[in-house]
Amino acid sequence: MHWIIRYILPSLAVSLLFFPDILTASEKGTEVTSETKLSPETQTCIGCHNIYTPGIVADWLSSRHSRITPADALKLPLLQRRISTEKLPDKLSGYAVGCYECHSQNPQSHKDNFEHMGFRINVVVSPNDCKTCHPVEVSQFSDSKKAHAIKNLLENPVYHALVNTITGVKRIEKGKIITEKPSEKTLHETCLGCHGTKVEVRGMKKVSTKMGEIIVPDLTNWPNQGVGRENPDGSLGACTACHPRHAFSIEVARKPYTCAQCHLEPDVPAWNVYKESKHGNIYFSKHHEWDFNSVPWVVGKDFKAPTCATCHNSLLVSPDGEVIAERTHDFGSRLWVRLFGLIYAHPQPKSGNTTIIKNKDGLPLPTTFTGEPASEYLIDKGEQEKRLGAMKNICNSCHSISWVNGHFEKLENTIKETNEMTLSATRLMLEAWEKGIEDKTNPFDEPIEKMWIKQWLFYSNSIRYASAMTGAHDYATFKNGWWELSDNLQKMRDMIDIKYRLLQKRDKEKR
Amino acid sequence: MHWIIRYILPSLAVSLLFFPDILTASEKGTEVTSETKLSPETQTCIGCHNIYTPGIVADWLSSRHSRITPADALKLPLLQRRISTEKLPDKLSGYAVGCYECHSQNPQSHKDNFEHMGFRINVVVSPNDCKTCHPVEVSQFSDSKKAHAIKNLLENPVYHALVNTITGVKRIEKGKIITEKPSEKTLHETCLGCHGTKVEVRGMKKVSTKMGEIIVPDLTNWPNQGVGRENPDGSLGACTACHPRHAFSIEVARKPYTCAQCHLEPDVPAWNVYKESKHGNIYFSKHHEWDFNSVPWVVGKDFKAPTCATCHNSLLVSPDGEVIAERTHDFGSRLWVRLFGLIYAHPQPKSGNTTIIKNKDGLPLPTTFTGEPASEYLIDKGEQEKRLGAMKNICNSCHSISWVNGHFEKLENTIKETNEMTLSATRLMLEAWEKGIEDKTNPFDEPIEKMWIKQWLFYSNSIRYASAMTGAHDYATFKNGWWELSDNLQKMRDMIDIKYRLLQKRDKEKR
Amino acid sequence: MHWIIRYILPSLAVSLLFFPDILTASEKGTEVTSETKLSPETQTCIGCHNIYTPGIVADWLSSRHSRITPADALKLPLLQRRISTEKLPDKLSGYAVGCYECHSQNPQSHKDNFEHMGFRINVVVSPNDCKTCHPVEVSQFSDSKKAHAIKNLLENPVYHALVNTITGVKRIEKGKIITEKPSEKTLHETCLGCHGTKVEVRGMKKVSTKMGEIIVPDLTNWPNQGVGRENPDGSLGACTACHPRHAFSIEVARKPYTCAQCHLEPDVPAWNVYKESKHGNIYFSKHHEWDFNSVPWVVGKDFKAPTCATCHNSLLVSPDGEVIAERTHDFGSRLWVRLFGLIYAHPQPKSGNTTIIKNKDGLPLPTTFTGEPASEYLIDKGEQEKRLGAMKNICNSCHSISWVNGHFEKLENTIKETNEMTLSATRLMLEAWEKGIEDKTNPFDEPIEKMWIKQWLFYSNSIRYASAMTGAHDYATFKNGWWELSDNLQKMRDMIDIKYRLLQKRDKEKR
């Protein structure tokens, strides 16, 4: 039955002395759907790595990749399939998806390809490699905002200025604050921790391991698993952002902790809001009884309240097998509105690459300074309604139409009101610039400007997320909600008045 | 054995083609204590809703309501019973508590009663409906502050002013901030998300469903499950605030995530504090081994550290069956002091309706501006000691008397000190008003006033909750605790000085 | 098999009427490795306490202490042992570790020893008592900073001043803020909640119990389980800080909620950062499949992502039984750098007692005001590298060397940059003092000083913790990270300018 064990035993007879525990680890595996053969290359990898990085091997042994061959995976009925290719390369189809199968893909495009213990392998496994078996997912992902996460941040001069202002080291010179350009390492572990870094091959380097010195590629900004990572093969994205190596678990990706790595307060408090919601309550109280591994995911049977994945990307079916929502790895594709204000909430952009947007102010932003959307780059009413309808269809599995409509009418009003609150803050900002209190050259670096940023980036966003996700009433009221939105506006007014009075005095004295 | 299945099979033979999965769902049910018959009406409901809102049906199938008839529930020994009526209406007693049983109760008082597919049903199931089987719980709840949660907030002019100041949209007119009246929708998803909305029938409306257009009541401020909701039948409350539809699980209500929907930082950080406490640590580490479904709830056997419900409302017995605490659904009834400062901590009010309170300043507040309690409306020493004794009795199940006394002496000192800190902030507030720096007409809308609010509503409250719940030392020290309480007082002092100096200058210039 | 039951039955035949449930509780126990006899004294304790504090008895019944005798524990292979003594006192070795065994240790040194129902027992069980069976752990702990947690805080005049400034009640006298000395009770539930209180015997006192009045020691600052508690026997520490009474579970100590009682935002956000990290994600998603009770703890087999204990103190072995890290209860001993800035991050101190440190400014701080380390009191390069190597060895179980190196290079840069940011804030602080805007006598009590504290105590610390623990990118960017670090520096600049201008005016007016 456990062919994986019987198979390893003879072929790795010598190594066995070193890792008898592989038996136990494998026996803990939950489900062995077929006899799974390992390729000779992968067996060699495991032979050493089970000694030198045993955690990686153990993790992989718990994965589906270790327990089914692509050929067998392809035999499943369409809705139950986790691979989307229709045709497999011959040399992959009959073995478990092991170390070598993934790390040897497309060597020609991998600048990080190198010789390691007699094999040519790549350090980084990229979406383009995963594409061999999962082409539909990679293709959907590639058009998404997530895949363009670095470019959208750093190649947009407005956002880039914000990034630099926040993360650059500040020195005091003659009492003045001088902001340096942020270091690559700090960008790497702040913004680009989630957005992804640019991983390039600088050359080769020696590293000391327990096996002695070895030569490996010297990568820039590594390690990183940001969702929009630029890989040494030129591809965009890191599947491991959500499917952590080397178990690549659908359970992990469906549980909300995965999204909670990045979608967090104060700027994108999706997770914070979910935790306080009724859905979150039911998830935390009852998820130990649910099935996070079943494909397709059956509403009411496998789970009884949604996680992030339920609404945003999973393939959902009803208990009688009717498809409620198709799987998607373009995470914006079920969304009609972009709650995340830049600086106002607006319809979703048409393209995952948002650097192409130009608003009427001439800036690469989806709305103007006073809130007018750059409509030509954003989805139209028809598309918005289509997507809202798709989302409502998901809600409708557990809620009456009337309930669902009431919910989304509330959200629509909240978008309107928070946009109005952003406009009020923007008006005060304009006043401060006009009065010469602060300088608009860099709109992100002075105290009143930072209050203004908090209005739209933290508080308006928070209220909209709380509204969208059926709950988090206290969050919308006090914690980063209306309390802050109102208090901060008052503080802007106050600080403008104080500084203006001092400015007038100084001017008077000068005269 | 699984009578529910055998029963549905023949009677819904046609529909069976559409929902074979009901078998699986039911088989997953943990406990079938008796043969459970469904009423013909409920069978009809399920016939369609299993297709159109399968999540609701699956959720209900996991409930106790689906697995036991009221008549059988009544046969259990008193301490094990989950229904409190002594006599059941004949037509209910022999069927599982299904869709129709709940949604058809008391049609004469339900303005939301309407004809739906040949049956007259109510949209909203209210406490007055649950009362049929659970009269003691509803009666206890009806006297509580929770049942009066809307009135206590909106019909108290002081709190109402605070609500309006926070949640009203602000516009800038000639540089001034103009606060509009908050919209119903925003109140609905902020304050009233927890406190409950007023749900009234505006008329009837058409909605498009998968079955075509249907006519349903058009409800105001719907959906909402706030704990003090005003229902279309005139009753107060929503049992579903804590027992989510349609599983109505005691497990969910006993787990702390339920209370965590509303009792949150920064104003009522019960959940935040619990998470950081020793009790919270033990809960998170070990609750997978505990039994949250057993009635009565046995200390040491079913659980080994308290959740919110343990101390505040569950029926607790010792392993030898002795009652440690009686069940209550008046959640203030085991409390002697109200930690939640308005503006000072004070003895619990006598009545759940707190709008009747008048303090010596003539305001509907439990304390005066300088901290004198409106004693006539608050419980007296004797009652306080009785309730403290009841709480100590719970603690004593796992802690020595000496330990428990030490704990509550600490809390008493904390109440005194935080009230003193509130008084200090109030003195500075008075100074600001007297000096004409801010205007006391609306005591909640200017920057120093907002600092003052934070002193009592956020920081003093936080410290008291941290003190009461045996832990959260860091919370009491830094996060929303003494650090903030001291820093914010300093900032009040500072801002008064800055503004007063500028004010004096302006006055001088005018002269 | 369940000898504990058969044993209790005859000897407590009378009491049995009162607690038949002890059978159930014990039957739930997961593992009974041998026949476990209770001492006659412990049987007597249980006879009453099962009635009067049943939660304590039930908790203990779930412990390993109740299920194995020290003599049997000693028979296990070395790596599997949970006791570190090599020789046991005769009278302890043959019984389960029950009430009397622990509460009667070393009576001569226990000022809290008293006669209770015919036995002489101690109220507080101290590390010196646990040492009987666990001498290695106690010895490691005794040299750690944790064991000196009270002294390090309160006997260091700098930190003491900070504590007093934060936690003392403030009164307003003639408009001025007067800070009182903090009360013992408030210290007890703020700083000393984690650091530990000084527990001394004031005398004896009567308490009313369900058995009538009894006489017990009157302890100061009790209850407390702070990690550096000073006990009535003169010893330092509370094992129960991490191994809660009376289950003393290794599972609880290994789960991250235990550390999360104290290591929290805003000053030490280890837990907050872990929750947002990839490691945290995997823990939350998958820990239900892991084994937190196994000794030694096998990487890849017992767990697949680290908790706090994994990296900081557990005995780790590879699946093939090779020791990856030795167990330690000196929690700093695997650390090379102290991320926690005082006021700058610096190499770990040599001694757990940090009051002995003197920097070049003559202050008991590990760095000077401008960041120069007091190197003579801190570990040297060689020791730092040794410890960093030990930590990398743990990471290497699941990550390649190259990955691990990249991670720690990032951390090193972050330490440098955040120290630079602290220096910038310090320069502004110096300017404010030099200009007479604030008074350096107490460097912790005025508004700009508090901003300065936030720079190093909250924001720089947060960024370093986020960097060290592989994740929490959003935390490092926005929440208490670079956003705050930059914004707060600007606010310092701004407030200095405003106050200085007002100060100049006042001076001008005076002239």
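Keep in mind the model is a prediction, meaning the values are calculated, not measured. Order of the sequence lines fixes the chain letters, A, B, ..., with proteins taken first and strands second; residue numbering starts at 1 for each chain.
Shown here for B/Y344 and B/T426, the closest heavy-atom pair between the two residues is OH-OG1, 3.4 Å. Across all their heavy atoms, B/A476 and C/E189 have their closest contact at CB-O, 3.9 Å. What you find for B/A345 and B/L339 is that their closest heavy atoms are CB-O, 3.9 Å.
Interface residue C/E251: only side-chain heavy atoms are found under 4.5 Å from chain B. Residue C/L457 touches chain B through its side chain alone, counting heavy-atom pairs closer than 4.5 Å. If you measure heavy-atom distances from B/K278 to chain C, the contacts under 4.5 Å come from both the backbone and the side chain. Using a 4.5 Å cut-off between heavy atoms, C/T307 makes no contact with chain B at all. Proximity to chain C (any heavy atom under 4.5 Å) is restricted, for B/D494, to the side chain, taken from C-beta onward. Heavy-atom distances place the side chain of C/I498, and not its backbone, under 4.5 Å from chain B. For a residue to count as touching a neighbouring chain, one of its non-hydrogen atoms must lie under 4.5 Å from one of that chain's; by this rule B/S277 touches chain C with the backbone only. For a residue to count as touching a neighbouring chain, one of its non-hydrogen atoms must lie under 4.5 Å from one of that chain's; by this rule C/E180 does not touch chain B. Neither the backbone nor the side chain of B/K416 comes within contact range of chain C, judged by heavy atoms closer than 4.5 Å. With a 4.5 Å cut-off on non-hydrogen atoms, C/V252 touches chain B through its backbone and its side chain both. Heavy-atom distances place both the backbone and the side chain of B/L489 under 4.5 Å from chain C. Both the backbone and the side chain of B/Q490 come within less than 4.5 Å of a heavy atom in chain C. If you measure heavy-atom distances from C/T179 to chain B, you find no contacts under 4.5 Å at all.
Residue with the most contacts toward chain C among B/R427, B/R501, B/E322: B/R501 (heavy-atom pairs, distance under 4.5 Å). The candidate with the highest count of non-hydrogen atom pairs below 4.5 Å against chain C, out of B/T477, B/L423, B/I496, is B/T477. Chosen from C/H246, C/H287, C/R245, the residue pairing most often with chain B at heavy-atom distances under 4.5 Å is C/R245. Comparing C/S183, C/A260, C/G168, C/P217 by heavy-atom pairs within less than 4.5 Å of chain B, the highest count is held by C/S183. Note: B/I401 leads B/N405, B/I401, B/V299 in heavy-atom pairs under 4.5 Å with chain C. If you tally non-hydrogen atom pairs under 4.5 Å between each of C/V216, C/T167, C/V207 and chain B, the highest count goes to C/T167. Between chain B and the options C/T209, C/I56, C/V169, the largest number of non-hydrogen pairs under 4.5 Å is found for C/V169. Here C/Q225 is the residue among C/Q225, C/H263, C/E446 with the most heavy-atom pairs under 4.5 Å with chain B. For the options C/D445, C/T53, C/I453, C/V163, heavy-atom pairs under 4.5 Å to chain B are most numerous at C/T53.
Side chain of B/K479 to backbone of B/E484: no donor-acceptor contact under 3.5 angstrom is found. Between the side chain of C/K170 and the main chain of C/I166, a donor-acceptor pair closer than 3.5 Å is present.
Note: C/Y257 and B/Y283 fail the aromatic proximity criterion, with ring centroids not under 6.0 Å apart. Taking the six-membered ring for Trp and the full ring otherwise, B/F284 and C/W271 have centroids separated by 6.0 Å or more.
Other residues, nucleotides and ligands place no more than 12 heavy atoms under 6.0 Å from the CD atom of C/E184.
Both tests pass for B/K255 against the ring of B/F292: distance under 6.0 Å to the centre and angle within 45° of the axis.
Looking at B/S462, B/P269, B/S460 one by one, the single match for side chain to side chain contact (heavy atoms under 4.5 Å, CB included) with B/N480 turns out to be B/S462.
Relative orientation of the C/H116 and C/H49 rings is tilted, given thresholds of 30° and 60° on the angle between their planes.
Cysteines C/C262 and C/C194: SG-SG separation is under 2.5 Å.
Distance check, rounded to the nearest 0.5 Å: CG of B/D320 to CD1 of C/I51 gives 6.5 Å.
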